[in-house]
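Since the structure is predicted, the reported quantities are computational estimates derived from the model, not experimental observations. Because only heavy atoms are used, hydrogens play no part in the values below, and waters and symmetry mates are left out as well, while side chains stay in.
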Amino acid sequence: LQRGITLFKLQKIEDSLNDFNKALSKNKANYDALIWRGLALIEKNETNEALDTFSQALKLNPLKYEGFFNRGLLNKQLGKLTDAITDFDQTLVLQPQLLKCWIARGDTRFQLHKFQEALADFQHAYTLNSNSTTLREKIALAYLALEQFEKALEGFGAILRLSLIHISE
């Protein structure tokens with residue numbers, strides 16, 4: 001398994017997939033091998049098989065967040081936004097401090113025009129990383145979508161001030 005992970009990180013996807021399959025032939029209940037296999041399948045653009053692989057991992061261990069999070073990201077990529085939200089919800093039950101999940105769920109809700117819920121996700125993410133200009137921008141855009149123009153302008157103004165401070169340094 002470790003060799004497969006290394007090969008994956010080196011972008012040797014086919015070789016890594018062979019190693020993950022080999023690990024699974026020895027132990028079909030290898031959660032980590034299934035997660036990595038799913039990621040490799042995404043790289044090969046075999047998205048349906050990747051979804052199935054993440055689902056297999058979740059049947060083995062529904063208390064680990066990686067399967068939900070990765071399946072959620074893939075569902076989002078495939079435009080299955082409601083399924084993505086469900087997976088992100090479960091991820092956050094299991095791993096409430098996972099910043100990238102708060103952002104992914106917020107982005108997905110924004111795509112669904114659920115701007116108030118997206119704003120709440122972005123604001124929570126901001127409490128986890130208050131140095132993020134990207135999160136400030138997402139919050140301002142959510143306010144803009146909600147037609148709360150003063151708050152949107154405040155957010156964009158803060159971003160602009162930060163940018164000017166960095167330029168002058």
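- With rounding to the nearest 0.5 Å, the separation of CD1 in Ile13 from OG in Ser16 is 4.5 Å.
- Every side chain to side chain contact (heavy atoms under 4.5 Å, CB included) that Leu81 has, sequence neighbours left out, goes to Lys76, Thr108, Gln111, Leu112.
- Applying the ring-ring contact (aromatic ring centres under 6.0 Å, His included) test to Phe156 and every residue at least two apart in sequence or in another chain returns nothing.
- Ile103 approaches Ala125 most closely through the heavy-atom pair CG1-CB, 4.0 Å.
- Considering all non-hydrogen atoms of both residues, Leu17 and Ala40 come closest at CD1-CB, 3.9 Å.
- A continuous path of hydrophobic side-chain contacts links Phe8 to Ile42 [ILVMFWY only; heavy atoms under 4.5 Å].
- Phe110 is connected to Leu99 through a chain of hydrophobic side-chain contacts under 4.5 Å among Ile, Leu, Val, Met, Phe, Trp and Tyr, so both are in one cluster.
- The minimum heavy-atom distance linking Ala140 with Ala152 is given by the pair O-CB, 3.5 Å.
- Linking ILVMFWY residues whenever their side-chain heavy atoms come closer than 4.5 Å, directly or via other members, leaves Leu51 and Leu73 in distinct clusters.
- Sorted by first then second residue, the ring-ring contact (aromatic ring centres under 6.0 Å, His included) pairs that include residues 117-137, not counting sequence neighbours, are Trp102-His124.
- Looking at heavy atoms from C-beta onward, Glu150 lies out of side-chain contact with Leu153 at the 4.5 angstrom threshold.
- Using a 4.5 Å heavy-atom threshold, the side chains of Phe20 and Ile5 count as touching.
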Start with the C-alpha distance between Gln90 and Leu94, add both sets of side-chain angles, then the distance that settles side-chain contact (heavy atoms from CB on, under 4.5 Å), and finish with yes or no. CA-CA 6 Å; Gln90 191 58 40; Leu94 297 169; 3.9 Å; yes
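- Two residues are said to be in side-chain contact when any heavy atoms from C-beta on lie closer than 4.5 Å; Phe115 and Leu144 fail this criterion.
- With sequence neighbours excluded, the residues forming a salt bridge (charged side-chain N to carboxylate O under 4.0 Å, His left out) with Asp107 are Lys138, listed by chain and number.
- Across Leu74 and Phe54, no two heavy atoms sit closer than the pair CD2-CE1, 4.3 Å.
- Qualifying side chain to side chain contact (heavy atoms under 4.5 Å, CB included) partners for Leu98, counting only residues two or more places apart in sequence or in other chains: Tyr65, Phe69, Thr91, Gln95, Lys100, Cys101.
- With sequence neighbours left out, Asn27 forms a side chain to side chain contact (heavy atoms under 4.5 Å, CB included) with Ala29, Asn30.
- Under the 4.5 Å side-chain criterion, counting only non-hydrogen atoms from C-beta, Leu58 is not in contact with Leu34.
- Linking ILVMFWY residues whenever their side-chain heavy atoms come closer than 4.5 Å, directly or via other members, leaves Ile35 and Leu63 in distinct clusters.
- Identified under the salt bridge (Lys or Arg N to Asp or Glu O under 4.0 Å) test for residues 40-53, with sequence neighbours left out: Glu14-Lys44, Arg37-Glu49, Lys44-Glu46.
- The list of salt bridge (Lys or Arg N to Asp or Glu O under 4.0 Å) pairs with a residue in residues 19-30, not counting sequence neighbours, reads Arg3-Asp19.
- A search for side chain to side chain contact (heavy atoms under 4.5 Å, CB included) contacts involving Gln116 returns Leu119, Leu146, Gln148, not counting sequence neighbours.
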Walk me through it: do Asp15 and Leu10 pass the test side-chain contact (heavy atoms from CB on, under 4.5 Å)? CA-CA 10 Å; Asp15 292 337; Leu10 293 171; over 6 Å; no
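- For the ring-ring contact (aromatic ring centres under 6.0 Å, His included) test, no residue two or more places apart in sequence or in another chain qualifies with Tyr143.
- With a 4.5 Å cut-off on side-chain heavy atoms, Val93 and Asp89 do not count as touching.
- The two residues Leu128 and Pro96 come nearest to each other via the heavy atoms CD1-O, 4.5 Å.
- Among residue pairs with one or both ends in residues 55-75, those qualifying as salt bridge (Lys or Arg N to Asp or Glu O under 4.0 Å) are Asp32-Lys64, Arg71-Asp87; sequence neighbours excluded.
- Within the structure, salt bridge (Lys or Arg N to Asp or Glu O under 4.0 Å) contacts touching residues 115-127 (residues at least two apart or in different chains) are Arg105-Asp121, Arg109-Glu117, Arg109-Asp121.
- To the nearest 0.5 angstrom, Asn70 atom CG is 11.0 Å from Asn75 atom CG.
- Under a 3.5 Å cut-off, the side chain of Tyr31 and the backbone N or O of Gly67 do form a donor-acceptor pair.
- The two residues Ala33 and Leu1 have their closest heavy-atom pair at CA-CD1, 3.6 Å.
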